[in-house]
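Only one structure is covered here, and it is reproduced in the block below.
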Amino acid sequence: MRSRNSYAEPYRIKMVEPISLKGRAEREDLIKKAYYNIFNLKAEDIYIDLLTDSGTSAMSANQWAGMMLGDESYAGSRNFYKLLAAVQDIFGYKYLVPTHQGRAAENILMSMFVIENQKVPGNMHFDTTEGHIRLRKAQPLNLVIDEGLNTESNHQFKGNVDLERLEKELKANDSSKLPLIIITATCNNNGGQPVSMDNLRNASKLAHKYGRPLFIDAARYAENCYFIQQRDPVYRNKPIRDIAREMFSYADGCTMSSKKDALVNIGGFLAFKDNEEWYEKAVQMQICYEGFRTYGGLAGRDLEAIARGLYEGTEAGYLEDRIGQVNYLGQKLLDIGVPCVTPIGGHGVFVDALKFLPHLPQNFFPAQALVVELYREAGIRSVELGTCAFGYTDPVTGNEVYPSQELVRLTIPRRVYTDRHMDFVVKAFEEIAGRRENIRGLESTYQADILRHFTARFRLRGQ
Ligand code: PM9
């Protein structure tokens with residue numbers, strides 16, 4: 001990766017959206033009224049919003065121009081055919097099922113393959129993927145390599161699936177018990193960590209040796225391709241699109257949240273390499289839940305923006321700048337002693353809250369406490385990936401089960417913030433670090449049964 005100061009952003013800014021920082025007293029009041037859950041804050045009350053990189057990209061002039069060419073016909077919109085051609089070209093997949101976003105593609109895929117008591121292995125399923133597996137009373141199996149769970153390991157492909165464990169599961173469970181494999185690239189939940197080409201190739205060999213399909217959760221596939229290009233000498237001089245074609249050649253299909261690497265604000269799809277039977281089955285579900293096969297819950301203009309965004313998202317200069325900015329923030333935080341998951345990932349910087357706030361035990365919600373503190377200090381919205389998001393109350397014992405990691409994700413929207421915004425985030429951490437022992441943690445006052453982090457309520461401890 002070239003050093004960040006040897007180049008500047010590969011775009012200039014044509015339109016701006018004003019943002020402002022509320023006063024400290026107002027921020028304190030707003031976060032209290034939001035029950036110390038940043039999902040309850042109004043976006044206008046936030047200065048720098050690092051909640052997610054999903055659907056938050058700035059579209060290009062080219063994408064906006066394409067929106068004007070939306071063909072809003074119910075059936076056979078020309079924008080569908082444009083997107084189909086882009087998917088065939090970039091992914092090498094014949095069949096396309098557009099959906100309103102990524103989780104809708106997951107819903108269709110799981111309804112086709114997964115039933116009660118089955119297991120669905122992968123490296124580390126994203127929350128919505130897990131949700132769809134569990135909804136069918138099946139079990140998600142996260143088989144990421146051990147290094148993937150070690151926040152300090154410098155392994156270059158921490159999103160890799162543990163092939164030995166995968167083979168063990170495939171041997172022990174026939175296709176009636178283990179119907180498919182899903183690999184998420186990059187792997188969101190452990191820090192936007194990439195999956196290597198070798199790992200995908202070998203996972204594919206195993207899947208096919210045992211007669212199971214392999215799917216890729218492709219939300220951040222272009223960022224994964226960039227890491228392969230930068231970190232695997234075999235691919236150093238290969239264009240991103242060639243890397244993508246090879247990557248997808250190892251799978252039988254993919255789910256895609258276009259809200260990430262297709263640089264749009266809404267949309268998704270399911271795609272199949274060549275299996276017409278699967279495609280027709282998927283279309284039945286798509287028509288019930290999403291819309292006709294040529295729009296899948298999206299407007300023609302959205303399909304056009306996705307088609308154009310898919311190409312922009314694989315441009316070398318764009319990816320260098322994108323991953324470069326995330327790395328810029330990560331390195332600056334590491335330089336001032338903030339413990340982050342390393343190597344810095346593709347779409348965000350993941351701070352280890354257990355190490356940053358070592359005086360807080362997990363039942364004090366250290367990651368959520370740091371999220372709250374970032375808002376109180378500087379109007380920054382981040383997101384908790386720790387006890388609140390992944391912990392749960394064991395229904396049998398009634399005991400709290402804590403996750404192995406307690407992280408705060410600073411997720412960087414694409415083409416939205418400048419490096420000066422990143423510098424402001426670093427300054428906020430500096431301030432908080434100087435008084436961190438005064439942070440007392442949180443106490444839960446309400447939690448829902450599933451996906452509790454979206455609606456959880458807290459109060460500050462000691463108040
Ligand atoms: N990811 C994220 O912030 C959106 C918030 S959902 C709680 O990281 C992967 C790897 C994702 C993902 C969404 C989806 C679902 C699938 N796979 O949001 O439905 O990171 O388009 O995609 C979010 P949709």
Side-chain angles (χ1 to χ4, degrees), residues 37-39 43 49-57 97-110 120 122-135 140 142 144 148 158-159 161 182-195 215-224 227 251 253-271 289-290 296-298 302 305-306 309-310 313 326 341 345-350 371 381-386 388-390 407-414 416 448 450-456:
N37 184 339
I38 42 78
F39 284 102
D49 201 345
L50 306 183
L51 175 62
T52 181
D53 63 325
S54 180
T56 53
S57 299
V97 182
T99 57
H100 77 275
Q101 58 184 85
R103 66 198 71 185
E106 291 167 358
N107 183 33
I108 295 175
L109 184 71
M110 302 310 169
V120 181
N123 47 352
M124 234 176 157
H125 300 297
F126 182 65
D127 318 17
T128 54
T129 324
E130 278 216 21
H132 281 294
I133 296 168
R134 287 194 196 282
L135 265 179
N142 291 331
V144 73
K158 285 167 85 169
V161 62
I182 302 172
I183 292 187
T184 306
T186 60
C187 185
N188 184 355
N189 284 9
N190 72 344
Q193 300 294 327
V195 183
F215 280 81
I216 295 177
D217 176 338
R220 300 181 182 84
Y221 79 97
E223 292 171 4
N224 200 84
F227 282 122
C254 70
T255 56
M256 173 77 186
S257 168
S258 305
K259 298 170 74 173
K260 284 84 169 172
D261 276 357
L263 295 164
V264 291
N265 306 119
I266 195 70
F269 57 81
L270 175 61
Y289 285 100
E290 300 294 303
L298 296 168
D302 296 326
I306 298 170
L310 282 174
V326 177
V341 172
H347 64 294
V349 178
F350 291 60
V371 166
R381 177 154 69 173
S382 54
V383 68
E384 193 251 23
L385 299 173
C388 183
F390 301 124
L407 303 175
V408 170
R409 187 180 75 171
L410 306 164
T411 339
I412 315 300
R414 296 167 181 80
V416 169
I450 50 162
L451 295 174
R452 66 182 184 180
H453 48 301
F454 291 110
T455 52

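Read the numbers this way: they start at 1 and go in the same order the structure lists the ligands and their atoms. Predicted model, so just to flag it, every value in this text is computed and none were measured.
If you look at Y221 next to ligand 1, there are no close heavy atoms at all, none under 4.0 Å. Only side-chain heavy atoms of R409 come within less than 4.0 Å of ligand 1; its backbone N, CA, C and O stay farther off. Contacts between D127 and ligand 1, counted as non-hydrogen atom pairs separated by less than 4.0 Å, are absent for every part of the residue.
Atoms of ligand 1 found under 4.0 Å from any heavy atom of E106, numbered from 1 in the order shown, are 16 (C), 17 (N). Near R220, the atoms of ligand 1 lying under 4.0 angstrom from a non-hydrogen atom of the residue are 2 (C), 8 (O), 10 (C), 11 (C), 20 (O). Distances below 4.0 Å separate heavy atoms of K259 from the following atoms of ligand 1: 21 (O). For ligand 1, the atoms closer than 4.0 angstrom to any heavy atom of T128 are 14 (C), 15 (C), 16 (C). Remark: ligand 1 atoms within the under-4.0 Å shell around heavy atoms of T52 are 2 (C), 3 (O). Interface atoms of ligand 1 facing T184, defined by a heavy-atom separation under 4.0 Å, are 10 (C). Using a 4.0 Å cut-off to heavy atoms of G102, the atoms of ligand 1 that qualify are 19 (O), 21 (O), 22 (O), 24 (P). Residue contact check: D217 has heavy atoms under 4.0 Å from atoms 9 (C), 10 (C), 16 (C), 17 (N) of ligand 1.
Scanning the protein for heavy atoms near atom 24 (P) of ligand 1, the closest one is Q101 NE2, 3.3 Å. When only non-hydrogen protein atoms are considered, atom 13 (C) of ligand 1 lies nearest to K260 NZ, 2.6 Å. Nearest protein heavy-atom neighbour of atom 21 (O) of ligand 1: S257 OG, 2.6 Å. With respect to atom 7 (C) of ligand 1, the closest heavy atom belonging to the protein is F454 CZ, 3.3 Å. Counting protein heavy atoms only, atom 18 (O) of ligand 1 is closest to R103 NH2, 2.9 Å. Closest to atom 14 (C) of ligand 1 among all protein heavy atoms lies F126 CD2, 3.5 Å.
Side chains of E223 and T186: a donor-acceptor N/O pair is absent below 3.5 angstrom, by distance only. E130 and H125 form no side-chain donor-acceptor contact under 3.5 Å, judged by distance and modelled atom types alone.
The heavy-atom pair separating N189 from F390 by the smallest distance is ND2-CZ, 3.9 Å. Closest non-hydrogen pair, E384 versus V371, comes out as N-CG2, 3.7 Å. Residue I266 comes nearest to H100 through the heavy atom pair CG1-O, 3.5 Å, listed as atom of the first residue, atom of the second, then distance.
By the 4.5 Å heavy-atom criterion applied to side chains, V120 and P140 are not counted as neighbours. Contact annotation: the side chain of L51 approaches that of I38 to within less than 4.5 Å [non-hydrogen atoms, C-beta and beyond]. A heavy-atom distance below 4.5 Å is not found between the side chains of I182 and E106. In this structure the side chain of L263 never reaches within 4.5 angstrom of the side chain of S258, judged on heavy atoms. Residues T129 and M110 form a side-chain contact, since some pair of their non-hydrogen atoms from C-beta on lies under 4.5 Å apart.
With respect to the salt-bridge test (charged N to carboxylate O, under 4.0 angstrom), the residues K260 and D53 do not qualify.
Using a 4.0 angstrom heavy-atom cutoff, N188 counts as in contact with ligand 1. H347 does not count as a contact of ligand 1, since none of its heavy atoms falls under 4.0 Å from the ligand.
Not counting sequence neighbours, the partners of H453 by the side-chain contact (heavy atoms from CB on, under 4.5 Å) test are F39, D127, C388, A389, L451.
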